[in-house]
Amino acid sequence: MERKSGFIRELKSLVNGDRNMLFDFVCRDLMKVSDSYNWVGIYVLNGKKLVLDTFAGERTEHDVIALGDGLCSMAIVTNAIVNEPDVKENSKYLACFPSTRSELVVPIRHSGKPIGELDLDSDTPSAFTKEDEEFLTQVADIISVRVSEVFRD
Ligand code: SME
């Protein structure tokens with residue numbers, strides 16, 4: 001909880017600065033907020049594709065995802081959070097890392113429309129709680145104006 005409120009405070013102080021630094025901060029420092037956050041990425045919608053803008057953790061082959069594929073697309077198409085406690089049980093899941101057990105995808109909205117998302121992978125099963133969902137929704141809302149600068153419809 002303390003780490004989450006500290007993160008939000010720092011995020012607010014950086015939100016109007018350099019965009020690359022801001023997105024790097026979001027990914028790298030979210031990894032420090034919880035031991036269960038083992039990969040963090042910001043995907044941005046570009047036409048019918050989701051493009052990985054910034055990430056922390058291992059490199060993934062899924063740096064471009066066609067809209068329709070994976071849990072990442074599901075969050076955009078439904079404009080809702082996808083919180084999958086067991087990725088191996090979800091046939092829609094696109095595997096990135098063998099160690100991943102659960103995943104949380106939080107839409108980033110601008111004027112109510114999804115323009116991108118925060119994607120978190122965890123090596124822990126059922127890692128993501130309602131509190132994580134609320135915290136990451138707050139993060140998504142704070143950065144949404146900056147994400148809208150790279151979004152292409
Ligand atoms: N697992 C995602 C793909 C992205 S990786 O997690 C980095 C999905 O099912 O869409």
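Atoms within each ligand, like the ligands themselves, are counted from 1 in listed order.
For ligand 1, the polar-atom distance check finds no N/O of Ala95 at less than 3.5 Å from any of the ligand's N/O atoms.
For Glu131, the side chain to side chain donor-acceptor pair (under 3.5 Å) test picks out Lys4, with sequence neighbours left out. For the salt bridge (charged side-chain N to carboxylate O under 4.0 Å, His left out) test, no residue two or more places apart in sequence or in another chain qualifies with Asp53.
Side-chain contact check for Glu133 versus Leu104: some heavy-atom pair is nearer than 4.5 Å. Using a 4.5 Å cut-off on side-chain heavy atoms (C-beta onward), Ile76 and Tyr43 make no contact. Side-chain contact check for Leu118 versus Ile108: some heavy-atom pair is nearer than 4.5 Å.
Listed by number with element, the atoms of ligand 1 under 4.0 Å from a non-hydrogen atom of Asp119 are 4 (C), 5 (S), 6 (O), 7 (C). Under a 4.0 Å criterion applied to the non-hydrogen atoms of Glu103, ligand 1 contributes the atoms 1 (N), 2 (C), 6 (O), 8 (C). Per-residue contacts place Tyr93 under 4.0 angstrom from the following atoms of ligand 1 (heavy atoms of the residue considered): 1 (N), 9 (O).
Proximity of a side-chain donor or acceptor of Asn79 to a complementary backbone N or O of Gly112 within less than 3.5 Å is detected. A side-chain donor-acceptor contact under 3.5 Å links Asn83 to the backbone of Phe128.
Of all the heavy atoms of Trp39, the ones lying under 4.0 Å from any atom of ligand 1 belong exclusively to the side chain. Heavy atoms from both the backbone and the side chain of Leu71 come within less than 4.0 Å of ligand 1. For Cys72, heavy-atom contacts with ligand 1 shorter than 4.0 Å involve the backbone as well as the side chain.
For atom 5 (S) of ligand 1, the nearest protein heavy atom (residue, atom name, distance) is Cys96 SG, 2.4 Å. For atom 6 (O) of ligand 1, the closest heavy atom belonging to the protein is Asp121 OD2, 2.9 Å.
Using 4.0 Å as the threshold, Tyr43 has a heavy atom nearer than that to some atom of ligand 1.
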